[in-house]
**Q** 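Sending over a structure as structure tokens; questions will come in a sec.
Naming: A, B, ... by sequence-line order, numbering from 1 per chain. What you see is a predicted model, and the numbers here were worked out from it, not measured in a lab.
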Amino acid sequence: MIKDIIHDHLINCLQKLGISHEKDFTVEIPNNTEHGDYSSNCAMVLAKENKKAPKSLAESIIKELKKNKNYKKIELAGPGFINFYLAPSFFQRIFWDIRESGENYATSDFGLGEKVLLEFISANPTGPLNIVSARAAAFGDTLYRVMKRVGFAPSREFYINDFGNQVDILAESLELRLRELQGDVIGEFPYEAYHGEYVKHLAQKLNATEGVRVFMMTEKDRIEHLKEFALAELLEMQRNSLENFDVVFDGWVSEKTLRAEGVVEEVLSYLYEADCTYEKDDAIWFASTKYGDDKDRVLMKSDGSFTYFVPDLAYHLTKIQRGFSTLIDIFGPDHHGYIPRLRAAFSAMGYDEKMLEIIFLQQVNLFESGERVKMSKRAGKIVTMDDLINEVGKDAARYFFIARKANAHLNFDLELALKQNNENPVYYCQYAHARICSIIKKAKKDKIWPKSFKQELLSKLNKSEELAIIQKLSDLPELLMLIAIHREPHRLATYIEELSAMIHKYYARYQIVSAKSKELSQARLMLLETTKQVMAIVFNLMGISAPEKM
RNA sequence: GCGCCAGUAGCUCAGCAGGAUAGAGCAGCAGCCUUCUAAGCUGCGGGUCAGGGGUUCGAAUCCCUUCUGGCGUGCCA
């Protein structure tokens with residue numbers, strides 16, 4: 001990476017000059033192009049420890065730096081910045097490296113194979129996935145893809161909450177719908193029950209295959225049977241929705257199975273050993289306040305059943321037991337009260353709570369015609385993930401979900417996502433890719449596309465727009481590392497928009513295919529071909545398609 | 001009340017973990033298709049970075065505080 005190369009040069013010079021460099025300094029791309037291609041603050045940062053004025057320090061560093069031919073110009077500017085203007089040949093060499101890397105460009109072993117578990121969605125299996133789940137799916141999956149590319153060993157998991165109250169209510173709701181179908185008068189549908197149409201559909205399906213036989217079972221067997229049926233159906237439904245969204249999980253972990261395997265008891269015994277449990281009001285409590293929570297939490301309710309917390313904690317324990325050293329939970333906006341107790345339990349069991357990392361996704365508001373679309377889960381009036389994908393398509397949905405940072409509310413404009421014009425950033429970016437494809441097609445038709453691009457063509461790429469595109473391409477490896485470290489996939493969207501803008505402008509300003517000389521055309525085609533490849537890499541990370549034509 | 005998150009152009013949002021004159025898209029106005037896709041490009045206007053204090057060479061960015069909005073504060077999940 002260019003920044004690293006410059007940073008290394010600087011360190012070299014500092015050592016040669018005997019300048020102490022305890023403090024870290026940076027090399028960055030200035031936001032003002034008049035400040036060079038790259039800029040370093042090293043003279044200002046190191047001034048104090050060397051007891052020199054920033055400017056005089058900078059002057060001696062620059063004198064030494066100028067011996068290197070990679071730079072066209074090096075300037076001292078402002079309060080002591082060192083600004084670097086790179087020689088075109090330097091950019092051209094960088095570009096050639098990017099080309100040679102091909103599809104492997106911007107892969108690295110940066111993550112050192114660290115096992116990271118990404119848990120996301122983990123919605124109740126009691127209905128279709130909603131749009132917050134869709135956001136979580138896009139976010140989690142893209143983060144996964146980026147982390148994998150830069151050398152982590154990430155894994156995606158979905159925790160199935162297939163035990164307990166909600167599932168019981170689901171079974172009861174199904175039973176009522178079934179009885180309805182068989183002509184029973186059931187009166188008003190209970191408030192707490194699941195009102196969604198999908199329950200009726202399940203009932204119809206079951207009625208068609210099993211009919212009255214369901215009611216010949218004992219009540220206990222019947223409820224179990226209904227539960228199993230509904231869970232299997234709904235899980236399949238959720239899995240399908242996710243597949244349509246190009247999100248595939250590496251593991252689906254069932255709460256019910258965990259309970260059967262005894263992990264829950266294991267967790268309880270650890271908490272008990274840590275001497276942080278007690279009994280009160282017929283319930284068993286976890287003294288989480290000992291570890292920073294603001295109130296103690298119930299582990300076992302007075303009716304003898306566990307709270308949601310205990311099996312979930314057991315699940316987290318299995319993550320550690322399976323060798324994951326970083327556990328990332330991607331939660332919806334309504335769970336942050338839950339974190340202190342999870343952390344407290346980690347501490348109590350002797351694990352470093354820093355292993356546990358929580359990312360909160362804020363809520364999603366749908367807008368249509370400038371009006372907020374109101375949703376009500378209780379009344380079964382929700383816009384589901386499937387609805388959204390059917391309406392705006394996978395590409396637009398994934399793009400818009402990724403384009404916002406996690407902890408910001410997301411206003412999803414349905415009309416905008418549907419627009420096939422310049423107002424819609426998804427199309428803007430995909431169009432840039434399609435444009436390149438069509439230029440390449442034309443070049444092949446006009447027979448100026450070479451069998452292979454010769455390295456000598458590089459010197460033809462010297463327009464400022466061309467060098468800027470190369471610089472942008474060269475940013476990607478570092479960007480992916482930053483995205484992985486800071487868990488910020490939204491930066492992919494910013495990147496692809498900037499790159500796309502550069503391509504559209506380049507297209508408008510320069511003739512590619514019928515440029516004055518064949519060599520010049522080929523040089524530009526070479527640049528575009530590589531840009532296309534880099535764009536495809538980014539689109540793939542975002543899980544959206546890279547269309548050849550639009 | 002307490003806790004978490006947010007507040008940047010008319011709107012939707014970036015801002016590279018402290019850098020130089022705060023950016024982009026949309027909306028508004030004015031232009032550009034006999035030429036590789038006009039789903040594009042060019043130009044113009046638009047800001048008390050919610051307010052106030054602090055830290056330092058330097059703050060939208062870090063600390064404190066006030067205000068506004070969202071969410072949470074179950075023996076629900």
Side-chain angles (χ1 to χ4, degrees), chain A residues 3 26 28-32 34-35 39 41 44-45 47-48 53-54 77-81 83 122-124 126 161 164-167 280-285 294-295 297-303 305-309 312 332-340 358 360 362-363 365 367 370 403-411 413 416 419-428 430-432 434-443 445-446 475 478-479 482 485-486 488 490-491 493-495 497-498 500-501 503-515 521 524-525 528 549-550:
Chain A
K3 280 183 194 174
T26 59
E28 11 187 84
I29 301 173
N31 39 32
N32 185 336
E34 286 168 29
H35 296 143
S39 173
N41 62 357
M44 288 178 292
V45 171
K48 204 170 261 177
F81 289 102
N83 294 340
S122 297
N124 275 329
T126 52
N161 193 212
N165 248 336
Q166 303 304 319
V167 189
K280 194 181 87 180
D281 304 332
D282 297 326
I284 296 175
W285 295 69
D294 46 10
K295 59 177 79 164
R297 308 292 173 173
V298 171
L299 298 170
M300 188 186 279
K301 306 183 218 170
S302 51
D303 67 1
S305 65
F306 295 120
T307 55
Y308 171 82
F309 178 45
D312 187 38
D334 50 348
H335 276 66
H336 54 244
Y338 184 67
I339 307 317
I358 315 288
F360 285 105
Q362 292 300 321
Q363 65 188 65
N365 299 318
F367 282 82
R404 298 280 165 272
K405 58 186 171 192
N407 50 13
H409 289 211
L410 193 154
N411 292 329
D413 186 332
L416 177 61
K419 279 185 185 163
Q420 306 211 346
N421 64 23
N422 54 359
E423 290 174 47
N424 187 341
V426 189
Y427 283 90
Y428 183 82
Q430 290 184 320
Y431 182 39
R435 248 185 173 164
I436 294 178
C437 293
S438 104
I439 293 169
I440 291 174
K441 211 168 133 192
K442 170 105 159 80
K445 198 177 130 212
D446 292 359
D475 288 345
E478 188 196 16
L479 179 72
L482 290 171
I485 300 174
H486 296 115
E488 289 181 334
H490 74 272
R491 287 215 211 158
T494 313
Y495 179 81
E497 281 173 41
E498 286 168 355
S500 300
I503 291 303
H504 285 308
K505 283 170 192 176
Y506 184 56
Y507 170 90
R509 196 159 304 160
Y510 297 100
Q511 190 71 19
I512 312 298
V513 173
S514 32
S521 286
R524 290 174 176 177
L525 286 165
L528 289 183
K549 66 175 181 187
M550 292 172 74

**Q** Is there a side-chain polar atom (N or O) of A:Arg435 under 4.0 Å from OP1 or OP2 of B:A38?
**A**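 Answer is yes, contact under 4.0 Å.
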**Q** Looking only at side-chain atoms of A:Glu28, point me to the closest of B:C5, B:A17, B:C75.
**A**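 When the side chain of A:Glu28 is considered, B:A17 is the closest of B:C5, B:A17, B:C75.
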**Q** May I ask you to check whether A:His336 and A:Phe360 place their ring centers less than 6.0 Å from one another?
**A** yes
**Q** Looking at every heavy atom in both A:Met300 and A:Phe306, which two are closest together, and how far apart are they?
**A**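 So the two residues come closest at CE-CE2, 3.6 Å.
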**Q** Of the nucleotides B:C13, B:G72, B:C16, which one has an atom closest to the side chain of A:His336?
**A** B:G72
**Q** Calculate the interatomic distance between A:His490 atom NE2 and B:A17 atom P; express it in whole Å.
**A** 12 Å
**Q** Whole Å only: how far is the CD atom of A:Glu498 from the P atom of B:C16?
**A**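 Answer to the nearest Å: 12 Å.
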**Q** Check whether the aromatic ring of A:Tyr507 stacks on the base of B:G40, taking stacking as ring centres less than 5.5 Å apart and planes within 30° of each other.
**A**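 A stacking contact does not exist, since A:Tyr507 is not both close and nearly parallel to the base ring of B:G40.
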**Q** Can you find a donor-acceptor pair, distance only, under 3.5 Å between A:Asn83 side chain and B:A20 base?
**A** yes
**Q** For the pair made of CG in A:Leu410 and P in B:G70, what is the distance, rounded to whole Å?
**A**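 For the pair A:Leu410 CG and B:G70 P, the rounded distance is 18 Å.
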**Q** Which nucleotide, B:C13, B:U42, B:G74, lies nearest any side-chain atom of A:Lys505?
**A**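 Comparing B:C13, B:U42, B:G74 against the side chain of A:Lys505, the answer is B:U42.
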**Q** Could you measure between the two C1' atoms, the one in B:G19 and the one in B:G58, and give it in whole Å?
**A**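 Those two atoms are separated by 7 Å.
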**Q** Which pair of non-hydrogen atoms, one from A:Ile512 and one from A:Arg524, has the smallest distance, and what is that distance?
**A** CG2-CB, 3.8 Å
**Q** Classify the nucleic acid contact of A:Lys48 as base, sugar-phosphate or nothing, counting any heavy atom under 4.0 Å across all strands shown.
**A** sugar-phosphate
**Q** Now, which nucleotide makes the Watson-Crick or G-U wobble pair with B:G7, with each of the two distances under 3.5 Å?
**A**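 Result: B:C67.
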**Q** Quick check for you: among B:A20, B:C41, B:C36, whose closest atom lies nearest to any side-chain atom of A:Gln511?
**A**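 Looking only at side-chain atoms, A:Gln511 lies closest to B:C36.
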**Q** Given the C1' atoms of B:U61 and B:G23, what is the spacing between them in whole Å?
**A**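 It works out to 15 Å between them.
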**Q** Just how far, in rounded Å, is P of B:A17 from CG of A:Asn31?
**A**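 Value for this atom pair: 12 Å.
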**Q** Is any NZ, NE, NH1 or NH2 atom of the basic residue among A:Glu28 and A:Lys3 found under 4.0 Å from an Asp or Glu carboxylate oxygen of the other?
**A**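 Answer for the salt bridge query: no.
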**Q** Quick one: A:Tyr510 OH to B:U42 C1', roughly how many Å, whole number?
**A**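 For the pair A:Tyr510 OH and B:U42 C1', the rounded distance is 14 Å.
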**Q** By nearest atom, which of the nucleotides B:C16, B:C71, B:C75 is closest to the A:Gln363 side chain?
**A** B:C71
**Q** Between the base of B:C75 and the side chain of A:Ser302, is one N or O donor paired with an acceptor at under 3.5 angstrom?
**A**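 Yes, the side chain and the base share a sub-3.5 Å donor-acceptor pair.
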**Q** Report the base-pairing partner of B:G72 (Watson-Crick or G-U wobble, both distances below 3.5 angstrom), or none.
**A**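 Across all strands, the one nucleotide that pairs with B:G72 is B:C2.
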**Q** In whole Å, what is the span from the CZ atom of A:Phe360 to the C1' atom of B:C5?
**A**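 Distance, rounded to whole Å: 9 Å.
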**Q** Roughly how far apart, to the nearest Å, are B:C16 and B:A50 at atom P?
**A**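 B:C16 and B:A50 have their P atoms separated by 15 Å.
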**Q** Is B:U55 paired to anything, Watson-Crick or G-U wobble with both distances less than 3.5 Å, and if yes, which nucleotide?
**A**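 Pairing partner, where one exists within any strand: none, as none qualifies.
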**Q** Side chain of A:Asn41, heavy atoms from C-beta onward: which of B:A14, B:G19, B:C16 has the nearest atom to it?
**A**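 The answer is B:G19.
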**Q** Taking all non-hydrogen atoms of both residues, which atom of A:Lys301 and which atom of A:Thr307 are closest, and how far apart?
**A** CG-CG2, 3.9 Å
**Q** When only distance counts, do a donor and an acceptor, one from the side chain of A:Ser39 and one from the base of B:A20, lie under 3.5 Å apart?
**A** yes
**Q** As a test of reading the structure: which of B:C75, B:C36, B:A38 is closest to the side chain of A:Val298, going by heavy atoms?
**A**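 Within the option list, the nearest is B:C75.
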**Q** Among B:C57, B:G40, B:C75, which nucleotide sits nearest the side chain of A:Met44?
**A**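 Of B:C57, B:G40, B:C75, B:C57 is nearest to the side chain of A:Met44.
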**Q** Taking any heavy-atom pair under 4.0 Å as a contact, classify A:Leu482: base, sugar-phosphate, or nothing.
**A** sugar-phosphate
**Q** What's the gap between B:C26 and B:G40 when it is taken at their P atoms, as a whole Å value?
**A** 7 Å
**Q** Figure out the OH/P separation between A:Tyr506 and B:C36, and round it to whole Å.
**A** 17 Å
**Q** Using purine N1 to pyrimidine N3 plus N6-O4 or O6-N4 for Watson-Crick, or N1-O2 and O6-N3 for G-U wobble, each under 3.5 Å, what pairs with B:U34?
**A**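 Pairing partner, where one exists within any strand: none, as none qualifies.
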**Q** Check the distance between B:G15's C1' and A:Leu479's CG and give it to me in whole angstrom.
**A**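 Rounding to the nearest Å, CG of A:Leu479 and C1' of B:G15 are 13 Å apart.
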**Q** With side-chain hydrogen bond (donor to acceptor under 3.5 Å, both in side chains) as the test, would you mind laying out the steps for A:Tyr338 and A:Asp312 before giving the verdict?
**A** CA-CA 11 Å; A:Tyr338 184 67; A:Asp312 187 38; 2.6 Å; yes
**Q** Select one nucleotide: of B:C75, B:A6, B:C76, the one nearest the side-chain heavy atoms of A:Asp281.
**A**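 Nearest to the side chain of A:Asp281 among the choices is B:C75.
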**Q** Take atom P in B:G10 and the same atom in B:G46, then report the distance between them in whole Å.
**A** 11 Å
**Q** By nearest atom, which of the nucleotides B:G15, B:G19, B:A39 is closest to the A:Arg491 side chain?
**A** B:G15
